[in-house]
Visitor: 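Okay, here's the structure, questions in a sec.
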Amino acid sequence: MKFNVILSTLLIILLSACGGQEKNEDEQQQSPNQTQTDSPKSATMANHPGKKVYDAVCLACHMADGSGVPGMFPPLAQTDWVLEDKERLIHITLEGLSGKIVVNGEEYNSIMPPNSHLSDKQIADVLTYIRQSFGNDASEITIEEVQKVRNR
Amino acid sequence: MVNIMKLISVLLLSVVVFSCNQNGKAPSEIIADSDNGGLTLPEGFSALIVVDEIGHGRHIVVNDNGDIYVSLRNHSQNKGIVCLRDTTGDGKADVVEYTGEHTGTGIKLHKGYLYFGADSAIVRYPMQEGNLLPGSQWELIARGFPQERQHEAKPMEFDDQGNMYVTVGAPSNACMAQMRTKGSPGMDPCPILEYAGGIWKFREDVLNQEQLTDGVRYATGIRHAVANCWNSEVNELYVVQHGRDQLHQFFPEIYDSKQSAELPAEEFFLVTEGSDFGWPYCYYDPLQAKKVLAPEYGGDSEIQERCENKTDPVMAFPGHIAPNDLLFYTGNMFPERYRNGAFIAFHGSWNRAPEPQSGYFVVFVPFEGAYPSGDWEVFADGFAGEGIINSTRDAEFRPCGLAQGPDGSLYVVDSNKGKIWRIIYS
């Protein structure tokens with residue numbers, strides 16, 4: 001128990017130290033008319049287990065900052081496709097998606113492969129990661145929620 | 001007699017040149033923007049912005065009278081073609097009209113028609129003398145192309161024998177059994193090559209041709225080539241291929257992320273009838289200067305096997321920078337070394353992450369006869385804006401189409417907002 005408290009304290013110190021450093025770098029780079037878009041939550045997502053899945057499976061098309069590729073792959077940042085209907089989001093991740101969709105006012109007509117080979121935990125992790133990164137601030141997705149959609 | 005013919009030719013030529021200058025705008029009237037529209041160019045070149053924002057531009061063509069036509073990826077004002085005219089002679093478009101129900105990429109003026117590569121068909125609109133807008137009654141030239149959601153662009157080229165060449169991109173990365181899925185093997189033989197992944201030849205003026213029954217497969221093993229040009233100097237077709245993606249993502253045990261950002265090369269092909277360039281079985285590694293077997297087919301990044309017999313590119317470019325248009329320069333405005341050389345518009349990468357993205361520029365390749373006579377060089381840069389581009393969306397503009405104007409100017413269209421630059425030399 002005591003060990004856990006020490007560990008948590010260390011982790012908090014470590015995280016706040018990292019956060020502080022990032023802020024300093026941001027301040028150095030920031031020009032007067034730029035605004036900081038990263039929420040404090042995003043800054044702590046670097047160690048989230050979903051990031052590892054994201055980097056290996058999603059990043060190539062959706063980009064490190066979730067901005068997607070204009071005309072090819074839609075963004076994950078600040079869109080109702082990610083922030084709202086959880087079941088739709090889980091379903092797309094498992095089964096993939098093809099055809100015309102409109103995301104943030106822009107039309108996309110390409111193909112996303114299915115990812116049903118990922119475990120329920122991996123999908124829960126990566127979807128929680130994208131819902132809480134890139135300036136997104138939505139609730140987590142649980143393993144049970146993924147199971148429910150997979151078994152439908 | 002010969003002398004009289006010569007005299008008549010010179011007189012006729014003078015009339016043609018004179019009338020061009022009457023209808024078109026004399027180059028001396030065109031003044032470049034003080035910042036060259038944000039571009040960096042070689043010494044002696046400058047640029048002006050023709051128009052700022054017309055939609056998601058793809059390819060561009062300029063008529064003999066200076067009118068400009070641009071294909072659009074998505075409908076703008078419910079239309080897929082933008083028509084631009086400069087009525088004041090300052091090089092800036094002051095008439096902007098939208099027409100055409102199809103969206104797509106290929107667009108060419110040929111023998112009185114505006115040919116258009118809608119993604120699943122080739123159509124043509126009749127041009128009307130003096131009118132900016134083509135007639136609205138289009139004719140169907142070729143159809144039956146696969147419905148595709150990747151690599152669907154249909155650029156077309158014409159030779160001097162009445163033939164039309166259409167690239168049919170493969171709706172696939174490397175012909176894996178399961179689309180872009182780690183661990184899925186390559187299909188062998190790849191069934192896609194029967195209907196895509198190559199160039200099909202049609203008659204330019206026969207209506208309603210079906211791809212697989214009326215068209216002839218002219219060349220194969222081309223994953224996708226948006227950049228195509230018939231070189232009328234040597235009478236050959238050239239294309240620049242979009243190479244395959246995601247080597248590291250699917251085969252991390254063979255390729256690290258840095259190798260995956262650089263491999264494979266974007267390949268510049270001289271396409272003769274019956275050529276096979278190797279996709280999906282092979283890709284070109286510029287460091288080893290050879291085609292190697294793709295990992296989906298048992299490759300280890302070095303062995304060649306069946307790739308030994310595939311046709312090599314005439315030049316290799318860095319990976320993933322997306323060649324989207326090719327133009328052999330035949331004008332008189334630019335210095336002599338540019339004549340018959342190739343300009344290539346690179347759209348810039350998305351598949352280099354986690355390495356920074358790159359390649360949002362127009363390059364020049366000097367040519368002598370049918371082959372490059374020197375290395376490639378960046379000709380126009382600065383489209384993407386300043387700083388490192390980590391995500392493709394950070395690139396402000398992306399060059400996608402090229403055209404030569406009647407005075408020899410080079411036009412470049414961007415796909416983000418539809419900005420058009422006109423590059424001149426003085």
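Labels below follow one simple rule: chain letters A, B, ... track the order of the sequence lines, proteins then strands, and each chain is numbered from 1.
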Visitor: What part of B:S391 gets closer than 4.5 Å to chain A, counting heavy atoms only: side chain, backbone, both or neither?
Guide: both
Visitor: Report, by ascending residue number, the residues of residues 141-149 of chain A in heavy-atom contact with chain B at a distance under 4.5 Å; give 'none' if the set is empty.
Guide: none
Visitor: Is a donor on one side and an acceptor on the other found under 3.5 Å between the side chain of A:E107 and the backbone of B:N74?
Guide: no
Visitor: Looking at residues at least two apart in the chain, or sitting in another chain, which of them share a ring-ring contact (aromatic ring centres under 6.0 Å, His included) with B:F383?
Guide: B:W421
Visitor: Could you state the interatomic distance from CD (B:Q249) to CG (A:D55), rounded to the nearest 0.5 Å?
Guide: 10.5 Å
Visitor: With a 4.5 angstrom heavy-atom cut-off, could you sort out which part of B:R398 is near chain A: side chain, backbone, both or neither?
Guide: side chain
Visitor: I need the A:N115 CG to B:K182 NZ distance, nearest 0.5 Å.
Guide: 12.5 Å
Visitor: B:Q357 versus chain A, heavy atoms under 4.5 Å apart: side chain, backbone, both or neither?
Guide: side chain
Visitor: Please classify the contact of A:A60 with chain B as side chain, backbone, both or neither, using a heavy-atom distance under 4.5 Å.
Guide: both
Visitor: Once you round to the nearest 0.5 Å, how far does NE2 of B:H151 lie from OG of A:S110?
Guide: 10.0 Å
Visitor: Working to the nearest 0.5 angstrom, can you tell me the gap between B:S184 OG and A:H117 NE2?
Guide: 10.5 Å
Visitor: Show the nearest heavy-atom pair for residues B:M179 and A:M112, with the distance to one decimal.
Guide: CE-C, 4.4 Å
Visitor: Crowded around B:Q147 CD? As in, over 12 foreign heavy atoms under 6.0 Å?
Guide: no
Visitor: Can you measure from SG (A:C61) to CG (B:D245) and round to the nearest 0.5 angstrom?
Guide: 8.0 Å
Visitor: Please report the closest heavy-atom contact between B:P354 and A:L59, naming both atoms and the distance.
Guide: N-CD2, 4.5 Å
Visitor: Heavy atom to heavy atom, less than 4.5 Å: which residues from residues 167-176 of chain B reach chain A?
Guide: none
Visitor: Might you point out which heavy atoms bring A:M63 and B:N390 nearest each other, and give the distance in Å?
Guide: SD-O, 4.1 Å
Visitor: Which value, rounded to the nearest 0.5 Å, describes the distance between B:R393 atom CZ and A:F73 atom CZ?
Guide: 12.0 Å
Visitor: If you count heavy atoms of other groups shown closer than 6.0 angstrom to CG of B:N78, is the number above 12?
Guide: no
Visitor: Listed by chain and number, what are the ring-ring contact (aromatic ring centres under 6.0 Å, His included) partners of B:H248, not counting sequence neighbours?
Guide: none
Visitor: So, does B:R180 use its side chain to make a donor-acceptor pair with the main chain of A:P113 at under 3.5 Å?
Guide: no
